[in-house]
Amino acid sequence: MDVLLWVLQILLGLLFAAAGVVKLTAAKERLRPRMPYVEDFSQGQIRAIGGVEVLGGLGLVLPWATGIAPVLTPLAAAGLGVTMVAAAAVHLRRKENFTVNLVLLAMAVIIAVGRF
């Protein structure tokens with residue numbers, strides 16, 4: 001079980017960190033072709049979402065790996081789960097596919113439960 005949790009933590013951590021860096025660094029106009037939902041948000045909100053994703057991605061791996069405040073890992077997973085619920089709601093409202101959000105939510109829940 002520990003190996004599965006580590007695989008999920010690293011995979012989800014890299015995914016969220018990469019997505020967050022893109023949102024932190026790219027202009028809204030550059031994101032629009034791949035992420036049409038950005039039209040619903042200001043540039044500042046998009047950057048804030050990116051910051052949450054980067055911090056959550058780091059929080060999935062670093063606390064548990066270093067042994068410094070390891071309780072932050074399941075908390076990061078729970079926080080990213082909440083983020084995925086909100087993201088799914090945005091996609092549902094826009095009548096877009098939100099399957100990816102549900103898969104990421106399931107992964108975050110497995111990590112949160114497994115590490116608590």
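Side-chain atoms are counted along with the backbone in the values below, which use heavy atoms only and exclude waters and symmetry mates. Quick caveat, the model's predicted, so the values are computed rather than measured.
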*If two hydrophobic side chains count as joined below 4.5 Å and joins carry through other members, does Val90 share a cluster with Leu31?*
yes
*Any idea which heavy atoms bring Tyr37 and Glu96 closest together, and the distance?*
CB-OE1, 4.0 Å
_In this structure, would Ile10 and Ile68 fall into the same cluster of hydrophobic residues linked by side-chain contacts under 4.5 Å?_
no
*asked:* For residues Leu60 and Val7: do they belong to one hydrophobic cluster (side chain heavy atoms under 4.5 Å, members Ile, Leu, Val, Met, Phe, Trp, Tyr)?
replied: no
*After noting the C-alpha distance and the side-chain angles of Arg47 and Lys23, does the key distance pass the side chain to side chain contact (heavy atoms under 4.5 Å, CB included) rule?*
CA-CA 6 Å; Arg47 295 222 194 288; Lys23 290 179 185 105; over 6 Å; no
Report all side-chain donor-acceptor pairs from residues 106-116 shorter than 3.5 Å, counting only partners two or more places apart or in another chain.
residue, atom, partner, partner atom, Å
Arg115, NE, Gln9, OE1, 2.6
Arg115, NH1, Asp2, OD1, 2.8
Arg115, NH2, Asp2, OD1, 3.2
Arg115, NH2, Gln9, OE1, 2.8

*Would you check if Arg34 and Val22 make a side-chain contact, meaning some heavy-atom pair closer than 4.5 Å?*
yes
_Looking at every non-hydrogen atom in both residues, tell me the closest pair between Gln43 and Lys28 and how far apart they are._
OE1-N, 2.8 Å
*asked:* Check for me, please, whether Val61 and Leu11 land in the same ILVMFWY cluster - side-chain distances under 4.5 Å, paths through other members count.
replied: yes
Listing, residues 74-88 side-chain donor-acceptor contacts under 3.5 Å, not counting sequence neighbours, or none:
residue, atom, partner, partner atom, Å
Thr83, OG1, Gly79, O, 2.9

*Does some side-chain heavy atom of His91 sit less than 4.5 Å from a side-chain heavy atom of Asn101?*
yes
*Might you work through the side chain to side chain contact (heavy atoms under 4.5 Å, CB included) test for Leu55 and Phe16, ending with a clear yes or no?*
CA-CA 9 Å; Leu55 291 174; Phe16 272 108; over 6 Å; no
*How many angstroms lie between CG in Leu58 and CD in Glu53, if you round to the nearest 0.5 Å?*
12.0 Å
*Looking only at heavy atoms, what is the nearest atom pair of Leu72 and Pro63, with distance?*
CB-CG, 3.7 Å
*Step through the shown structure and confirm whether more than 12 heavy atoms of other residues, nucleotides or ligands are within 6.0 Å of CZ on Arg32.*
yes
*Please report the C-alpha distance between Gln45 and Asp40 in whole Å, then the side-chain angles of each, then the deciding distance to 0.1 Å, and finally whether the side chain to side chain contact (heavy atoms under 4.5 Å, CB included) criterion is met.*
CA-CA 10 Å; Gln45 289 171 317; Asp40 294 356; over 6 Å; no
*Are Leu5 and Leu15 in one and the same hydrophobic cluster, where Ile, Leu, Val, Met, Phe, Trp and Tyr link if side-chain heavy atoms are under 4.5 Å apart?*
yes
